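Here is the structure we will look at, set down as structure tokens.
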Amino acid sequence: MDAIHIRGGVALHGNVLIQGSKNAALPVLAATLLAKETSIIRNCPRIADVYRMINLLDSLGCNVSWEDGGIRVDAGNVCEGEMPAEAITGMRSSLCLLGAMLGRCGEIVMEHPGGCVIGERPIDIHIAALGKMGVEFKEEGGRLYARASGLHGADLTLPFASVGATENILLAAVMAEGDTVVFGAAKEPEVTALCDFLKCCGASIEGAGSDVLTIHGRVPLHGGDFKIPADRIVAGTYLFGCAATGGCVLLEEAPIGQMEAAIHLAGQMGSKCEPVSEGLYIQSPKRAALPALVRTEPYPGFPTDLQSMALAAMTVGEGECVIEETIFENRFRVVPPLRDMGADIEELDTRKVRVKGVERLAGRSVEAMELRGGAALVLAGLAAQGQTLVTGCSYIFRGYENICRDLRELGARITSG
Ligand code: EPU
């Protein structure tokens, strides 16, 4: 199950339904800890990271079951459990359990959270903000001990609009005494989804979707019934898959309102993107036109999580483009395997590459080294002539429920095993 085989050179055609969002589901699942009642979270993707989060909630004393309608979490009996170290270190978003457990129990002990190898990913912003809310931290033997004897609101100004730190602050602030105001908050739709879930549990939050959030703490929370929105990064992956192969696809339930920057880039690359009642309809030219420059930025800018897929699509376009990564420092690990497949990519510095479109890529055996880079290799395999074998796919399965099934629905010749 760790490899994906692709016979490339076929344009994507057809319809596919977009799964629920990984990065919205994980903090929302963590947030179910805050209410003593049962919550139901619908449309969660069946991916490894969601199973890990279920495992963590379980180890903290929650009763979690995956039913037809969604994931049911009964957080009536949360205790200070021993969380499986593997589930913490293997997944960056285990970090949102920090805010949730501080909010619910006032303390937590956890391993330093892991995640994709796309950068150093420090947690200084989380620690500084929660510190101002009365949380004391100590690190011992690689473990993080956090305790808040009197969690209180604070005025916080973030030095960078960190998605995870904004989520942690929200989780702690709804349970804190008094008001918290966050200046420079992340505006990503996943933060808004967390605000929406907390509000559906009774929390009082103003400014969701903007860079100033005001949270009125200690409003009693009840369980919530919530639907996770569709995954804008999965939809964007198939959008660039269409652009890479010169296809014509309908992405059912794609969250178009959250995809403006990706749709804009696809438009610059010559794809016609049209919102229709079922979702997003895309028709791409045989070869994409490359714009001069693409720069990743916090939302609503072009998302870092789609940078590798856009790069893969551009390798077979016409013209040349500089791609600049401003969020993570190690997000060009996909360049060497793309070059092995015949792509013309020059690394200008650690944060910038220049891609010159070539007429075709050749199928090869390549290895996924992280989630989004792995998905980009799959797109390159779809565009390439001949057979591509992508190994290391456990990374890809962390974020895509069934990338092979989805792409087969779009006519690709792709199998895993
Ligand atoms: N940063 C710090 N200090 C901190 C926190 C962040 O320096 O305390 C830096 C990071 O090192 C990074 C930048 O700030 O260079 C952005 O980090 P952020 O905290 O915004 O990201 P995150 O919460 O760790 C989430 C997503 C990522 C996505 C980023 C940016 C989840 C689980 N992860 O990460 O998703 O790339 O926001 O949008 O929500 C993915 O799905 O493949 C993925 C990596």
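Each ligand, and each atom within it, is numbered from 1 in the order the structure gives. Along the sequence shown, residues are numbered consecutively beginning with 1. What you are looking at is a predicted structure, and each value in this text was computed from that prediction instead of being measured.
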Only heavy atoms of [X], strictly under 4.0 Å: list the atoms of ligand 1 that pass.
X: Ile123; value: 4 (C), 8 (O)
X: Arg331; value: 36 (O), 42 (O), 44 (C)
X: Phe160; value: 13 (C), 14 (O), 16 (C)

Measure from atom 37 (O) of ligand 1 to every heavy atom in Ile327, Leu26, Val163 and give the option owning the shortest one.
->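 Shortest heavy-atom distance from atom 37 (O) of ligand 1: Val163.
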
Check each of Pro122, Pro298, Ser308 against atom 7 (O) of ligand 1 and report the one with the nearest heavy atom.
->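 Considering heavy atoms of Pro122, Pro298, Ser308, the nearest to atom 7 (O) of ligand 1 sits in Pro122.
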
Contact summary for Thr32 and Ala75, nearest pair of heavy atoms = O-CB, 3.4 Å

Provide the closest heavy-atom pair for Leu265 versus Val294 in the form atom of the first, atom of the second, distance.
->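 Of all heavy-atom pairs spanning Leu265 and Val294, the closest is CD1-CG2, 3.6 Å.
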
Taking the side chain as every heavy atom from C-beta outward, state whether Leu156 and Phe183 have any pair of such atoms under 4.5 Å apart.
->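 The answer is no, as the side chains (C-beta and beyond) never meet within the 4.5 Å cut-off.
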
Validation row: Pro303, Thr296 side chains within 4.5 angstrom (heavy atoms) =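 No - every pair of side-chain heavy atoms lies 4.5 Å or more apart.
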
If you measure from each non-hydrogen atom of Ile125 to ligand 1, which part falls under 4.0 Å: side chain, backbone, both or neither?
->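 Both the backbone and the side chain of Ile125 come within reach of ligand 1.
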
Passing candidate, side-chain hydrogen bond (donor to acceptor under 3.5 Å, both in side chains) with Asp305, options Arg331, Lys22, Arg232 =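 In the set Arg331, Lys22, Arg232, the residue that makes a side-chain hydrogen bond (donor to acceptor under 3.5 Å, both in side chains) with Asp305 is Arg331.
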
Does ligand 1 have an atom under 4.0 Å from some heavy atom of Lys22?
->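 A heavy atom of Lys22 does come that close to ligand 1.
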
If you measure from each heavy atom of Arg372 to ligand 1, is any distance below 4.0 Å?
-> yes

Any N or O of [X] closer than 3.5 Å to N or O of ligand 1:
X: Gly164; result: yes
X: Asn23; result: yes
X: Asp124; result: yes
X: Leu371; result: no
X: Ser162; result: yes

Arg364 bridged to Asp340 by N-O distance under 4.0 Å =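 No, no charged N to carboxylate O under 4.0 Å.
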
N-O pairing of Glu177 and Arg218 below 4.0 Å | yes

Can you tell me if Gln307 and Glu325 form a side-chain donor-acceptor pair at under 3.5 Å?
-> yes

Pick from Val358, Leu311, Val334, Ile323: which one makes a side chain to side chain contact (heavy atoms under 4.5 Å, CB included) with Ile345?
-> Leu311

